[in-house]
Structure formats: C-alpha cells, structure tokens
Asks: 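Structure in structure tokens, see below.
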Amino acid sequence: IPEGLPAVLTITLAVGVQAMARRNAIVRRLPAIETIGSVSVICTDKTGTLTRNEMMVSSVLTHQSLFTLQGIGYEPKGTLLLENTEVSPAEYAVLEELARAAILCNDAALHDHEGVWTVEGDPMEGALLAFASKIGIEIRKEQADWMRTDTIPFDTKHRFMATLNHDYQHRAFVFIKGAPEQILAMCINQSVADGNVESLNKAYWQERADSIAALGQRVLAFAVKPVKSEHTVLERTDIESTLTLIGMVGMIDPPRVEAIAAVAECHTAGIRVKMITGDHAKTAAAIGKQIGLQNSSKVLTGADLDGMNDASLKEAVLKCDIFARTSPEHKLRLVMALQSHGMTVAMTGDGVNDAPALKRADVGIAMGKKGSEAAKEVAELVLADDNFASIASAVREGRTVYDNIKKVISWTLPTNAGEAMTIIVALLFGMTLPVTPIQILWINLITDVTLGIALAFEPTDENTIRRPPRPRGEPLLSSELVWHIVLVSILFLCGVYGIYAYAIDRGYSVELARTLAMNALVVMEIFHLFFIRNIYGTSLTWKAVRGTKVLWMTVIIITVAQFSITYLPPLQAIFATVAVPFLDCWLVIGIGVALFIIIETEKQIRLRLKAIKS
C-alpha cells in the first residue's frame, strides 16, 4: 500500500482549495473540489450572478405614455424622454405619484461618496430611489412627510412588498410594488391625471409590460390604496383586491461581460448552463439570448412547472435552459429532474428557502455577498463575488485537481507495484534481493512522497476545459490505468533485474549491484513522472520538458539525495551502498530513457486507436 498516497492526495486537494480561493470560490467541504470538476449542468440565478446587479430605471409606463429615462448608475440625475423628445416630469402628475410609491415602498438608501453614488440595500430598490430623484422628488422630504406605520416584506411566494404610510394631514395609504402580473391581479382601477382614477385596462398594461420585458428589462408595477387614518396594522387581506395601479417601471441590469465568456467556456466544456430566475419570462429570454444560453427562445415559467408531473418535467428540463417566475420549490424539482438523467448538477442560491435545492444538488453554490447564512451553511462552495465567471473558474480548477489526483494515482500505483514485484519475484524464486529493505524504505518515504507532491502543483492543461464532463459513475481506477500499472510494473522489474544481472556479470559486488538497482528504480520513477504529467497528450514537447518550478525542485532534491547516499561514506554505511562508476551512471539514466520511450510509444498507439474508433 503506497503509504504516501493519502498525504499527497490531501495536499492536492488543499492546493485546489487555494487556487479556487484566488478565483473567489471558497470551498467549505474538501470533496466538493473533485465533484465540481465533474459537473455537467450548472443551474444559476440571473440577477447579480449573470448580470452586474447594477440596476437603473430605463422605462417608465403610465396609463397612456411610455417614457424613457436616461442617466448613469445610481446618480440621481437624468433626462426624461417621451418619443425621443425631452419632457419635464412636472407636466405629468402621475409620475410624482409613481415616484412617491417608489420611495415609500422601499428599504434601500443612496449614498454619495466623493461623487460616486452607491446603494445600501437591494440594488433594485436603490435604482428606484435614483429614479425618484431624476423625476425631481426629494427622497428625504417624502420619507419625513410620510411615516411608515407597518410593512409586509417581499417574499418569492406572493411576489410583492407593501407598506402602510401616514402623513401629518391624517391621510393613510398602502403602497405596493411587485411583479406586474401579481399586481394587476390585485387592481381594479388605474391612476390618471390629477389623482383621478378609471377602470383598469388590463390588456394595455400586459401588452406594454411584455414589450418592456422583451427588451431585457425587469418590470415592476406600483399600486396604491387609501385606508382610514386610524388603520395602523397592515394585513394581507387589506391589499388582496381593490387596488389602484399607478404605473410600471422597467429596469436594466446589463449582463456581465465575463459571464458571457464564462457561459461560452462552459458550452465548450460540454456543460449546460440553465438560468433560473424570478423575473418575467420575456426579460429572462432577452438576458438569456444576450449571454449566449442555448435554447434561449424557449422559456418555462413557474406556472408551467406546477402544471407538469415529474415525468413531464424530466423530459422538458433537457429542452429548456431558461426558467422564469420560479420559486425555491421549483429549484428543488429541477435539480431532481436533471439528476434523474444521471447528470452532475451545480445549483446556485442565496435565500433561506434555497437551502433544500442546494443540499440536494451535487454541488451547492451559495452567494457570498447577498447569500443568507442558511444557504452558506448547506453549500459546498461560496462565491465571494457572486459572479458566474467564478463558477466557471471553479469548474476548471476542479477538473485540474481531478486530473492531478489521477496523475498522482497513475504515478504512485505503478511505481509501488514495480517495487513490490521486485521483492516478490526475488522471494518466489529464492534469488538474492536486488534492493535491501532499508533501500526500499528510503525510496518509499523520501523519493515517492517527494516526487508525488510535485504532481499536486501541476497547472491546468490547455485542453482541460475542452473535454466533456466525465460520466457520473466513471471509476477512478479505469481499465487503462490497470493496464498501465501492469505494463510499468513489468518494465520496472525488467529494468531492476536487468541492471542487477549486468552488475553481477561484470563481477561487481552485491552492494554495488544493489546500489545500481536502487538508483535505476529512482531514475525510472523520475522519467515516469515526466511521462505521467501529460496523460491526455504527448509528453515529447518543450512545454512538457520545461515542466514547473516545483517539478524541477523535487527532481533536483531527489538527485542530490541519491548522490548523497551513493557517494557520502556516512550514508553509505547506513544504506549499504557503494560509489557507482561514472559510465554506469549513464547506463542507469539510459534505463530511465528506455522506459520513457516504451510507455510513450504505447500511449501514442493507444490514443491513435481511440481516435480512429471515435
């Protein structure tokens, strides 16, 4: 049993943890490093993960007009356009009412730091405050004039938020914001000029909301309801109906440039990317097309999923990559449906209700910035920057770690098997041991572990991200690896006994013959190390020979160590070695070269045959 293998494997995983941390992916459970490398589908949120999470109100819809609002980020300055013509907000009283609802039904705050405006709280609510300022409404004055008495926080099930506000003139209003279809279902009237109302034209609002969403904008609707001044407690029954729709706003949240590249990289790696969002279906479709999702024209909503049984969902989940108006319960069903196809699923989430889906997924990924503690607790990975590109980087690092683990095992098992075969053959046939127990101990504890550690620091292969995900049930000890163990063991056996027989035929002492055999073992391990670094391609390249700093440091250390026990008298006495003649040193190196040529030739033939079959 390779006693150094557990230590080297742990070091390999630890190196992977550091590499992922540098790419803003924090690993909470060590085995997740290997698992994320085998991911075949990534289910991701949209806002803040695929997009910048820098919201800005771009469209403003009233009962008869669609305005365009210009500006930069959260800066409370902008121009209001109607049919490409600049207009004054003061000319449209309904805009003031809409801005007031945006301010009061809001928990965020804007801050100016040396000319840079930032939001404290939800970026979407920060964008609403910036919108109100651009309309010309003073945020602090409205908040001071209208005291909040009660609130119903936003939740994904009901998809709205409501606040109860009183002013100093003993007036009381409930202000509501939420998903357009949800708010429209609760309204019976719509606000018009000068505070008047008329019957709701639902078809008009739905058509305009769809057109705004088709531009990739997130649409929010605002409604209001007057209540008695003595009303101080807000219940859901107060706002289930009889609301008056004020208007809607469309907010843009542009895709991250790096997320677009990361999605393309995932597709190259054979990984499907599925977007699961609470946004409007057309908004989701527009963003999906911008970031390059496959099947961006097909969108399934939460209502569609509710109408499907598990068998229907299992079939539909393969054909659709965008899911809109979803809830955390839908995430869990989607994970289970994908896993039923044998896929390895990574799922992102941030809320408390996302915990079951994160737990069920093969790799649960929580958001580091906006994620809840419950989500982080059950997740295997935490994204420090909430960026999808960090997931793609984590997949690349996971594949690298798996490759390095495979390299460590592919190097350790054959070399240890070769050493074991050397002893077993001698015992079976009653021959003199070609190496002594203490020399084997030296090789195992010093040489094997040191050289094996070098593989833990191997960089990512250039073709790593181009390979398809490995099958979920693929064994680590494959038939190819078993054949490689047998082949290398036989070659080690031939190399050791070949040089041992050569030394005895030359009349060398048993001690010198054993010294040659021991050094031959170490040299073959070094050449085998250079071979195993490139298990998917040729090892006969300048890049392969150049290696890494860690690789050459370990080779130099082992070389110095071997020269020390071969030529230094104190160590010679301990390890029963003698000085090796100069010409025989070249013979030892030649055995290593011969081993390398044989196994490299075998690999090229095997790869060629595999390419012909495929």
Side-chain angles (χ1 to χ4, degrees), residues 16 19-20 22-25 27 32-52 254-277 284-299 317-323 331 334-335 337-339 341-349 357-358 361-367 379-403 460-472 474 536:
M20 288 189 181
R22 287 194 294 269
R23 294 177 178 270
N24 297 309
V27 179
I33 303 172
E34 180 269 331
T35 306
I36 196 168
S38 65
V39 162
S40 52
V41 60
I42 300 174
C43 299
T44 176
D45 294 325
K46 177 185 76 70
T47 304
T49 308
L50 293 171
T51 61
R52 297 180 186 175
R256 295 177 184 264
V257 176
E258 62 272 26
I260 297 174
V263 168
E265 187 178 52
C266 287
H267 291 159
T268 302
I271 301 171
R272 293 285 294 272
V273 179
K274 298 184 181 294
M275 183 173 71
I276 304 175
T277 177
I287 295 296
K289 185 176 181 180
Q290 291 177 32
I291 64 175
L293 290 184
Q294 298 173 350
N295 304 325
S296 60
S297 59
K298 182 176 179 59
V299 181
V317 77
L318 295 179
K319 301 176 183 178
C320 181
D321 290 332
I322 302 176
F323 301 89
K331 284 188 174 183
L334 289 171
V335 170
L338 290 166
Q339 288 176 333
H341 290 282
M343 295 181 172
T344 303
V345 183
M347 169 65 77
T348 67
L358 295 177
D362 298 283
V363 181
I365 304 173
M367 301 296 109
E380 282 81 18
L381 262 69
V382 177
L383 296 185
D385 57 355
D386 294 5
N387 192 340
F388 180 82
S390 297
I391 303 177
S393 298
V395 170
R396 189 188 304 109
E397 291 298 335
R399 290 190 175 189
T400 301
V401 168
Y402 181 82
D403 284 348
T460 304
D461 186 85
E462 59 183 10
N463 293 318
T464 295
I465 207 64
R466 299 192 185 101
R467 296 196 305 269
R470 66 181 184 275
R472 188 182 182 94
E474 181 184 85
Y536 297 108

Asks: Are the side chains of Asn387 and Thr49 in touch, meaning some heavy atoms are under 4.5 Å apart?
Replies: no
Asks: Can you find a heavy atom in the side chain of Met20 that is under 4.5 Å from one in the side chain of Ile33?
Replies: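 Yes, side chains in contact.
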Asks: How far does CD1 of Ile260 sit from CD1 of Ile291, to the nearest 0.5 angstrom?
Replies: 7.5 Å
Asks: Return the CG to CG distance between Leu50 and Leu293, rounded to the nearest 0.5 Å.
Replies: 7.0 Å
Asks: Is there a side chain to side chain contact (heavy atoms under 4.5 Å, CB included) between Leu383 and Asn24 once you walk through the steps?
Replies: CA-CA 6 Å; Leu383 296 185; Asn24 297 309; over 6 Å; no
Asks: Between Ile322 and Gly288, what is the shortest heavy-atom contact and its length?
Replies: CD1-CA, 4.0 Å
Asks: Any side-chain heavy atom of Asp403 sitting closer than 4.5 Å to one from Thr464?
Replies: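 Asp403 vs Thr464: side chains touch.
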Asks: List for me each residue that meets side-chain hydrogen bond (donor to acceptor under 3.5 Å, both in side chains) alongside Thr51, sequence neighbours excluded, and say none if there are none.
Replies: Asp253
Asks: So, taking the atom named CD in Glu34 and the one named CZ in Arg399, what distance separates them when rounded to the nearest 0.5 Å?
Replies: 12.0 Å
Asks: Residues two or more places apart in sequence or in another chain: which of them pass side-chain hydrogen bond (donor to acceptor under 3.5 Å, both in side chains) with Asp386?
Replies: none
Asks: With a 4.5 Å limit on heavy-atom distance, are the side chains of Ile42 and Ile391 in contact?
Replies: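 In contact.
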Asks: Hey, does Glu265 have a side-chain heavy atom less than 4.5 Å from the side chain of Arg396?
Replies: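 They are in side-chain contact.
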Asks: Between atom SG of Cys320 and atom CD of Gln294, what is the distance when rounded to the nearest 0.5 Å?
Replies: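 Separation between the atoms: 12.0 Å.
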Asks: With no hydrogens and no angle check, is any side-chain donor or acceptor of Ser296 less than 3.5 Å from a backbone partner on Gly292?
Replies: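 Checked: no pair found.
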Asks: Can you confirm whether Cys43 sits close enough to Leu338 that some side-chain heavy atom of one is under 4.5 Å from a side-chain heavy atom of the other?
Replies: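 In short, these two side chains touch, coming nearer than 4.5 Å.
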Asks: Any side-chain heavy-atom pair from Val273 and Asp321 closer than 4.5 angstrom?
Replies: no
Asks: Any sub-3.5 Å donor-acceptor pair from Glu380's side-chain atoms to Gly364's backbone N or O?
Replies: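 Here the side-chain-to-backbone pair exists.
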Asks: Cation-pi check for Phe388 against Arg256: NZ or CZ below 6.0 Å from the six-membered ring centre and within 45 degrees of the axis, yes or no?
Replies: no
Asks: Between Pro469 and Ile271, which heavy-atom pair has the shortest distance, and what is it?
Replies: CG-CG1, 4.1 Å
Asks: Can you tell me if Arg272 uses its side chain to pair, donor with acceptor, with the backbone of Cys266 under 3.5 Å?
Replies: no
Asks: Taking all heavy atoms of Leu358 and all of Gly349, pick out the closest pair and write down the distance.
Replies: CD2-N, 3.7 Å
Asks: Taking Asp362 for its side chain and Ala346 for its backbone only, find out whether a donor-acceptor pair lies under 3.5 Å.
Replies: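 No.
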Asks: Would Phe323 and Thr277 count as a side chain to side chain contact (heavy atoms under 4.5 Å, CB included) here? Give the steps.
Replies: CA-CA 6 Å; Phe323 301 89; Thr277 177; over 6 Å; no
Asks: Check whether Ser38 reaches the backbone of Thr35 with its side chain - one donor and one acceptor, N or O, closer than 3.5 Å.
Replies: yes
Asks: Ignoring hydrogens, what is the shortest heavy-atom contact between Ile36 and Gly398? Give both atom names and the distance.
Replies: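 So the two residues come closest at CG2-CA, 4.0 Å.
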Asks: Just checking, is any N or O donor in the side chain of Asp385 or Ser390 under 3.5 Å from an acceptor N or O on the other one?
Replies: yes
Asks: Show the numbers, then the answer: is there a salt bridge (charged side-chain N to carboxylate O under 4.0 Å, His left out) between Asp45 and Lys331?
Replies: CA-CA 10 Å; Asp45 294 325; Lys331 284 188 174 183; 2.8 Å; yes
Asks: Where is the tightest heavy-atom contact between Pro255 and Arg52, given as atom of each residue plus distance?
Replies: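 Scanning both residues completely, I find the closest heavy atoms to be O-NE, 3.9 Å.
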Asks: When rounded to the nearest 0.5 angstrom, what distance separates NZ in Lys289 from CD1 in Ile287?
Replies: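 Those atoms lie 12.5 Å apart.
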Asks: What is the distance from atom CZ of Arg23 to atom CD of Glu397, rounded to the nearest 0.5 Å?
Replies: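 Going from CZ on Arg23 over to CD on Glu397, the span is 5.0 Å.
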Asks: Do Leu318 and His341 come within less than 4.5 Å of each other through their side chains, counting heavy atoms only?
Replies: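 A side-chain contact under 4.5 Å exists here.
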Asks: Would a distance-only check, ignoring hydrogens and angles, find a side-chain to backbone donor-acceptor pair under 3.5 Å from Lys274 to Val317?
Replies: yes
Asks: Might you point out which heavy atoms bring Ala284 and Met275 nearest each other, and give the distance in Å?
Replies: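 It is O-CE, 3.1 Å.
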